[in-house]
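All of these numbers come straight from a predicted model, not from anything done at the bench.
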Amino acid sequence: MKKTLLLMAITTAGISFAQNKIKYPETKKGETVDVYFDTKVSDPYRWLEDDKSAETGAWVKAENEVTYGYLDKIPFRNELKSRMEKLWNYEKIGAPYKEGKFTYYSKNNGLQNQSVVYRKDQNGKEEVFLDPNTFSKDGTTSLGGLDFSKDGNKAAYAISEGGSDWRKVIIIDALSKKVLEDTLVDVKFSGISWYKNEGFYYSSYDKPKGSELSAKTDQHKLYFHKLGTAQKDDKVIFGADQKRRYVGGYVTEDDHYLIITAANSTYGNELYIKDLTKPNSPIVTIVDNFNNSYSIIENEGSKLFIETDYNAPNVRVVTVDAANPKMENWKDFIKETENVLNPTTGGGFFFANYTKDAVSLVKQYDYSGKLIREIKLPAVGTASGFGGKKDEKTLYYSFTNYTTPGSIYSFEPKSGKSEIYQKPKVDFKSEDYESKQVFYTSKDGTKVPMIITYKKGTKLDGKNPTILYGYGGFNISLTPSFSIANAVWMENGGVYAVANLRGGGEYGKKWHDAGTKLQKQNVFDDFIAAAEYLIAQKYTSSDYLAIRGGSNGGLLVGATMTQRPDLMKVALPAVGVMDMLRYNAFTAGAGWAFDYGTAQDNKEMFEYLKGYSPVHNVKKGTKYPATMVTTGDHDDRVVPAHSFKFASELQEKQAGDNPVLIRIDVKAGHGAGKSVAASIQENVDIQAFTLYNMGFTSLPKK
């Protein structure tokens, strides 16, 4: 009875707009206390970690009622949505690829929740192959992977339900599209890699006890599924005896080798190889430590081509014979340069895609290591692709930047001829906008690049609504790409700035390392310096600045707004890692320790983490910016409890009138596979909230 009354009390919480004050749901406080190195740390909202409890469900419902009640009052929200939908509504086609007798590609007619996989036969007749929009009525089940047998006659595809990282794998006859056998379940962080036409390799964890959305998963295993057999009979290839958090396996194009990578963190991996041409051949160790990253990207017979940052912080490609693959036998194939390398292969060539000051530079090599050409790109921006099978005569790559919608180009590797294959028809005048790259100085004197994009003729008067976006972690590079949401923002006079912070991969391993563990504060300092630059140069001012980031970028926003709440008007942390003392207790979170360290490592690391952990640094009586935390109730990458706790701390301790809301998508995860309708509504709500809290009562078109 008492519990029922509590749920009713929570769910009937509403909004009082009197004096601009919001009446938040009352969030109860527990008495949980943890002890780290003789230091007591209270965790009053520990109960929100239980994603299966009725209390947590009621809290989510109550918070969403407050949030959507607030958003519904914004006068221009519907107008913003109409424009977002109109601009989003254009045909999007993916690069084609051949499997068996068919050519496959993805296509979205504009506002379909999920893109559809089509194919054409040798006569050019088109048909739907897979339509993920039929997987669920509400568009929350998405396609999470698709791979074909070597002859193209069979296929296995993975689906994600509600945005979860857990997948189901469905095996079909690719010719008839009929399901062949029982669905594989409980597959996670996995590719699908076929061996001949016999079956495929995949990876997963044992199903955890407790909640599958939050319980720790830390022993990954590589399996082989033989067609026609039950999943319970699938053989463990790697990971039963060697406990690793992340294990992947893939077969070389010629079916000669199985390549296995194994890691305990998001950086650094072991490397193994197995000769599939010899029955019962052993798994051979190539690298037995986690000190660097290694990946076999190609083979020519027994000659292996390995991508690595070992003795090459900006990455190189080396060769070695599979008979003697130890490091001492490695020879440079594509040497390290001053720019960061991301190599691909296709059409009988290697493509060295370099990141130079956060934009693309691409060079083509043959199998002897001879430079064939530097590929002329359409403009300054991001090129990706240049991959395919060895015998392909035509490859494809995509090109985009902050003002140019992603277009696909065909490329003939022998002649170097390149031409537009598919250019989207978007109702956006790219020529009216410009991007400018600047290099600003961070707190310790480090030069950091930032690209600022806005409508030509924008006055630098300090009054432009501005979104500053960042990530700064896990060796991930933020390179220019077009976004419909950002286009709408700029149409309304907004400035969009992306800072390439330390912790990312823009300048290789050294840049990454400079934003990890006891250097993590560098990332926040870089972001703060970016904001100060935009203000000093009068692109904006604190009254018109919003900071935004997701996942590790959500941590970035949380740490920045708690350290410098005066710097911005709006904070938009999405699916963020907010509790730095407990992140490693959930799902695969322990694997992030390379970047973060853990509170259990030692006293110094504990104190450092506690010193910036957003949940632990919200101070009562402080005026925080208008904040809208966003997350998904099915996020099993960064569990939503991070966001729940942070929002609860802010709502309790906020001084002043700035709202603190949390928007919780239901049946949604970390972001991958989100439906178009959900993506549009989320972006509309974020921009409406941002502009409204900058003082706009109508869209500020300029």
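Interatomic distance, D72 CG to E65 CD, rounded to the nearest 0.5 Å: 11.5 Å. In this structure, OG on S190 lies 11.5 Å from CG on D165, to the nearest 0.5 angstrom. A distance of 5.5 Å separates CD1 of I467 from OG1 of T690, quoted to the nearest 0.5 Å. Taking OH of Y454 as the start and OG of S435 as the end, the distance is 8.5 Å to the nearest 0.5 Å.
Annotation: side chain of L572 is not in contact with side chain of V557 (no heavy-atom distance under 4.5 Å). Between D579 and H642, the closest side-chain pair of non-hydrogen atoms falls below 4.5 Å. Contact of the I535 side chain with the T540 side chain is registered, since non-hydrogen atoms from C-beta on lie closer than 4.5 Å. Annotation: side chain of R663 is in contact with side chain of Q681 (closest heavy-atom distance under 4.5 Å).
In terms of modelled atom types and a separation under 3.5 Å, the side chain of T458 and the main chain of K455 share a donor-acceptor contact. Side-chain atoms of W489 come within 3.5 Å of backbone N or O of V495 as a donor-acceptor pair. At distances below 3.5 Å, not a single donor-acceptor pair connects side-chain atoms of D51 with backbone N or O atoms of T56. Remark: the backbone N or O of K107 is not paired with any side-chain donor or acceptor of E91 at under 3.5 angstrom. Of the possible polar contacts, one joining the Q687 side chain to the A485 backbone as a donor-acceptor pair under 3.5 Å is found. With hydrogens and angles ignored, the 3.5 Å screen pairs no side-chain donor or acceptor of S613 with any backbone N or O of L609. Of the possible donor and acceptor atoms, one in the side chain of T562 sits under 3.5 Å from a partner among the backbone N and O of G558. Put simply, the side chain of D461 gets close to the backbone of K463: a donor and an acceptor are under 3.5 Å apart. With hydrogens and angles ignored, the 3.5 Å screen pairs a side-chain donor or acceptor of D131 with a backbone N or O of N133. Judged purely by atom type and a 3.5 angstrom limit, N64 uses its side chain to pair as donor or acceptor with the backbone of I664.
Of all heavy-atom pairs spanning Y624 and K619, the tightest one is OH-N, 2.7 Å. Closest non-hydrogen pair, P565 versus P625, comes out as O-CD, 3.7 Å. Taking every heavy atom of both residues into account, A546 and M694 meet most closely at N-CE, 3.8 Å. Taking every heavy atom of both residues into account, K459 and N464 meet most closely at O-ND2, 2.8 Å. Between Y583 and A593, the shortest heavy-atom contact is OH-CA, 3.5 Å. Nearest heavy-atom pair across M568 and R564 is CE-O, 3.4 Å.
Ion pairing of D685 with R77 is present here, as a side-chain N (NZ or NE/NH1/NH2) and a carboxylate O approach within less than 4.0 Å. Ion pairing of D525 with R502 is absent here, as no side-chain N (NZ or NE/NH1/NH2) approaches a carboxylate O to less than 4.0 Å. For the pair R46 and E49, the salt-bridge criterion is met [side-chain N within less than 4.0 Å of a carboxylate O].
The aromatic rings of Y596 and F474 sit perpendicular to each other, their planes meeting at more than 60°, with 30° as the lower class boundary.
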Yes or no on side-chain hydrogen bond (donor to acceptor under 3.5 Å, both in side chains) for Y45 and E652, after CA distance, side-chain angles and deciding distance? CA-CA 12 Å; Y45 303 117; E652 181 203 356; 3.1 Å; yes
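For F606, the ring pair (Phe, Tyr, Trp, His ring centres under 6.0 Å) test picks out Y36, with sequence neighbours left out. Residues satisfying the side chain to side chain contact (heavy atoms under 4.5 Å, CB included) test with L87, not counting sequence neighbours, are R83, V426, D427, F428, I484, A487, V488, E491. Among residues two or more places apart in sequence or in another chain, the side chain to side chain donor-acceptor pair (under 3.5 Å) test is passed with T400 by none.
Counting non-hydrogen atoms of other residues, nucleotides and ligands closer than 6.0 Å to NZ of K623 gives a total of 12 or fewer. Counting non-hydrogen atoms of neighbouring residues, nucleotides and ligands closer than 6.0 angstrom, the NZ atom of K168 reaches no more than 12 such neighbours.
Relative to the ring axis of Y90, K92 places its NZ or CZ within 45° and under 6.0 Å from the centre.
Not less than 6.0 angstrom separates the ring centroid of F527 from the ring centroid of Y471.
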